[in-house]
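Here the structure comes first, spelled out in structure tokens, and everything after it is commentary.
As the structure lists them, so they are numbered: ligands from 1, and atoms in each ligand from 1.
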Amino acid sequence: MRDNSYLKNRLYFLWRNYFPDVLAKEPIEIRFGRKAKYRFGSIRYCHASKKVHITVNGRFQDEKYPTEIIDHTVAHEMVHYAQGFPTPGPRLSRYPHRGGVVNRELKERHLHHLVYFYDSWVKGYINSL
Ligand SMILES: [Zn+2]
């Protein structure tokens with residue numbers, strides 16, 4: 001079973017290699033959350049702790065789920081962060097998913113392989129539910 005330190009390693013790997021221009025304005029915590037069917041990840045700002053929390057679907061602790069799916073989920077949330085979500089302050093876009101802005105930025109950051117992997121994997125996943 002994967003644990004939260006596994007997630008932390010994936011976050012730092014992706015950050016170092018694909019988001020080097022993105023500065024951490026506040027600490028980012030990442031952990032597995034509850035098991036969900038359709039919600040793979042989320043990012044939110046906690047006013048009390050002044051930290052950003054990325055939560056990844058608890059299902060993905062199981063190693064039968066490919067690493068690429070975890071990387072895609074983490075990178076997706078990192079794009080939100082890079083685009084000004086969910087931190088207080090100026091936002092680049094009010095509607096984070098409009099016009100496929102997340103996928104566009106993933107591709108601009110040379111993460112096409114994760115987008116394509118996800119697109120083909122998710123069909124089989126939905127059918128398996
Ligand atoms: Zn999103």
Side-chain angles (χ1 to χ4, degrees):
M1 291 284 270
R2 296 170 174 133
D3 58 13
N4 290 338
S5 65
Y6 172 90
L7 283 183
K8 204 172 267 188
N9 286 335
R10 295 321 297 165
L11 172 66
Y12 292 154
F13 169 81
L14 291 164
W15 203 334
R16 213 171 34 244
N17 290 288
Y18 299 100
F19 297 87
D21 56 304
V22 176
L23 303 176
K25 298 179 286 288
E26 52 283 300
I28 298 187
E29 303 264 313
I30 187 164
R31 63 177 179 82
F32 285 108
R34 297 162 145 223
K35 293 180 182 174
K37 279 186 178 171
Y38 301 111
R39 193 173 173 83
F40 293 166
S42 65
I43 185 166
R44 67 184 178 84
Y45 179 77
C46 175
H47 286 273
S49 68
K50 296 192 164 40
K51 287 179 181 175
V52 169
H53 294 269
I54 295 176
T55 307
V56 175
N57 190 346
R59 271 182 184 245
F60 298 163
Q61 285 188 273
D62 188 327
E63 277 152 30
K64 76 178 181 186
Y65 294 100
T67 303
E68 286 90 339
I69 292 310
I70 293 191
D71 282 4
H72 180 269
T73 303
V74 174
H76 178 109
E77 304 309 333
M78 278 302 294
V79 167
H80 286 316
Y81 188 73
Q83 293 182 349
F85 291 91
T87 50
R91 291 176 173 183
L92 295 179
S93 165
R94 267 184 80 81
Y95 306 99
H97 288 170
R98 198 165 75 173
V101 287
V102 174
N103 279 347
R104 193 186 318 136
E105 181 154 350
L106 285 172
K107 290 175 183 172
E108 281 168 8
R109 291 182 178 275
H110 306 289
L111 288 166
H112 316 69
H113 58 288
L114 294 182
V115 177
Y116 299 136
F117 189 97
Y118 174 86
D119 285 348
S120 62
W121 174 86
V122 78
K123 291 173 197 133
Y125 171 76
I126 300 286
N127 289 333
S128 76
L129 290 175

Checklist line | Expected output: side-chain Asn57 to main-chain Lys37 donor-acceptor under 3.5 Å | finding: no
Item checked: Donor-acceptor pair between His76 and His72 side chains, under 3.5 angstrom -> no
Note to self: Salt bridge or not between Asp21 and Arg109? Use side-chain N to carboxylate O under 4.0 Å.
What the structure shows: yes
Notebook entry, point to check: Hey, what's the ring geometry for His47 with Tyr45, parallel, tilted or perpendicular (30° and 60° as the breaks)?
Noted result: perpendicular
Next item on the list: Indicate the atoms forming the closest heavy-atom contact of Leu14 with Ala75, along with that distance.
Entry: CD1-N, 4.1 Å
Checklist line | Trace of the ring pair (Phe, Tyr, Trp, His ring centres under 6.0 Å) decision for Phe60 with Phe40 | finding: CA-CA 9 Å; Phe60 298 163; Phe40 293 166; 5.2 Å; yes
Next item on the list: Spell out the protein N/O/S atoms under 2.8 Å from the Zn ion (ligand 1) as residue plus atom name.
Entry: His76 NE2, His80 NE2, His97 NE2
